[in-house]
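I have placed the structure first, in the form of structure tokens, so that the comments after it can refer back to it.
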Protein chains: 2
Amino acid sequence: MKEAIFKRKTNQREVILDIVRNTKCHPCVDNIYDEAREIMPRISKGTVYRNIKLLSQAGMVLELSIDHNVLRYDGSTHTHGHLLCENCGAVTDIELTSVSELEQQVKQQGYKINNTIVEFYGLCTKCNIKKDNHSN
Amino acid sequence: MKEAIFKRKTNQREVILDIVRNTKCHPCVDNIYDEAREIMPRISKGTVYRNIKLLSQAGMVLELSIDHNVLRYDGSTHTHGHLLCENCGAVTDIELTSVSELEQQVKQQGYKINNTIVEFYGLCTKCNIKKDNHSN
DNA sequence: ATACGTGCAAAGGTTTTGCGGTTCC
DNA sequence: GGAACCGCAAAACCTTTGCACGTAT
């Protein structure tokens with residue numbers, strides 16, 4: 001039922017998808033662009049923007065807005081959570097087991113769910129330990 | 001432990017907070033600005049940006065990034081979910097009962113949580129019904 | 001009186017887009 | 001060969017910021 005978003009296969013798009021799938025750091029477009037240029041020096045930032053948007057529309061990557069300053073992308077599309085560390089700024093994947101129960105609640109209220117995002121704002125494990133040491 | 005963010009009380013900030021608290025539509029800055037100008041015609045958009053940012057830093061409103069194009073604000077700061085309707089663009093509040101269990105999982109893994117956001121992407125009740133009628 | 005907040009406008013940063021050239025099919 | 005896609009640069013947007021003036025305390 002999903003229309004064909006990509007009419008042709010291109011090297012650029014493959015490189016972009018590869019980069020996002022092979023990192024755990026939830027890169028923004030600039031990060032992807034920098035890495036892509038090492039493989040393909042003439043790629044343009046516009047191409048990265050265009051393709052990453054298409055890839056997320058196609059459901060092949062996840063577009064994250066957890067960092068309110070910039071969109072980040074995630075190559076794992078299964079339902080999982082993210083935590084933004086308010087100390088170091090890192091975005092960490094969080095595996096969650098009981099999201100489907102939450103979704104069940106919502107569906108019973110008459111909504112249709114295509115995708116669920118769970119975001120936590122706080123401290124990652126490293127920064128949480130540091131905080132304990134210099135605690136106040 | 002929270003430092004004083006506001007050194008003075010201003011009319012502008014009160015109007016802004018009032019607007020966000022008295023709507024369920026999760027307005028963006030432009031929406032707030034338009035409404036504020038009806039009460040206070042000389043208010044500037046910069047003031048809205050400055051104050052809404054301060055209010056969210058103070059924890060008095062929630063800054064939502066569910067609509068990836070623009071930041072929206074929510075006057076309800078208790079933990080609850082949101083659904084972005086991919087058909088009509090509306091953002092709906094979703095009351096959720098079991099978020100604390102999710103948070104428990106995450107805390108046990110060594111993270112500290114200050115805030116939790118649950119977002120659903122799909123169809124609101126109205127659009128879901130329509131979809132059924134013209135179903136394919 | 002004084003320093004905090006506002007209004008205005010310019011600047012900053014991210015993302016989109018128009019266009020001519022290139023490439024995939 | 002022709003449509004789809006790219007590279008480049010400009011434009012569009014959202015948001016922040018500097019500065020002079022106004023205002024709450």
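Chain letters run A, B, ... following the sequence lines, proteins first, then strands; residues in each count from 1.
Proximity of Y49(B) to the phosphate of dT15(D): a side-chain N or O atom is located under 4.0 Å from OP1 or OP2. Within the structure, a side-chain polar atom (N or O) of K53(B) is placed less than 4.0 Å from OP1 or OP2 of dT16(D).
Summarising the geometry, the separation between CE on M40(A) and C1' on dC6(D) is reported as 10 Å, rounded to the nearest angstrom. Atom OH of Y73(B) is separated from atom P of dC14(D) by 13 Å (rounded to the nearest Å). Between the P atom of dT17(D) and the CZ atom of R50(B) lies a distance of 10 Å, rounded to the nearest Å. The separation between K7(A) atom NZ and dA3(D) atom P is 11 Å, rounded to whole Å. With rounding to whole Å, L71(B) atom CG is found 9 Å from dC14(D) atom C1'. The NZ-C1' distance, from K45(A) to dA12(D), rounds to 16 Å in whole Å. Rounded to a whole Å, the NE2 atom of H68(B) is 18 Å from the C1' atom of dT15(D).
Between V48(A) and N69(B), it is V48(A) whose nearest contact on DNA chain D lies nearer the 5' terminus. Both R13(B) and G46(B) lie close to DNA chain C; mapped to their nearest nucleotides by heavy-atom distance, the more 5′-ward contact belongs to R13(B).
A cation-pi geometry, defined here as NZ or CZ lying under 6.0 Å from the six-membered ring centre and within 45° of its normal, holds between R37(B) and Y33(B).
First and last contacting nucleotides of DNA chain C toward chain A (any atom under 4.0 angstrom from a heavy atom, 5' to 3' order): dT14(C) to dC25(C).
At a threshold of 4.0 angstrom between heavy atoms, the contacts of N51(B) are confined to the sugar-phosphate backbone, with no base atom among them.
Inspection of the Q105(B) and S98(A) side chains reveals an N or O donor paired with an N or O acceptor under 3.5 Å. Looking at N114(A) and E86(B), their side chains do bring a donor and an acceptor atom within 3.5 Å of each other. Looking only at atom types and distance, the side chain of T116(A) has a donor-acceptor partner in the side chain of E103(A) under 3.5 Å away. Counted by atom type alone, E35(B) and T23(B) present zero donor-acceptor pairs between their side chains at under 3.5 Å.
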List every contact pair, protein side and nucleotides 20-24 of chain D side both N or O, where the distance is under 3.5 Å.
residue: dA24(D); atom: N3; partner: R8(B); partner atom: NH1; Å: 3.2

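Residues D93(A) and D74(A) are in side-chain contact: their nearest non-hydrogen atoms beyond the backbone lie under 4.5 Å apart.
Contact check on E63(A) versus R72(A) returns no salt bridge, with no Lys/Arg side-chain nitrogen under 4.0 Å from an Asp/Glu carboxylate oxygen.
Residues S76(A) and L62(A) come closest through the heavy atom pair O-CD2, 3.8 Å.
Partner of L123(A) under the side chain to side chain contact (heavy atoms under 4.5 Å, CB included) criterion, out of L83(A), I129(A), N87(A): N87(A) alone.
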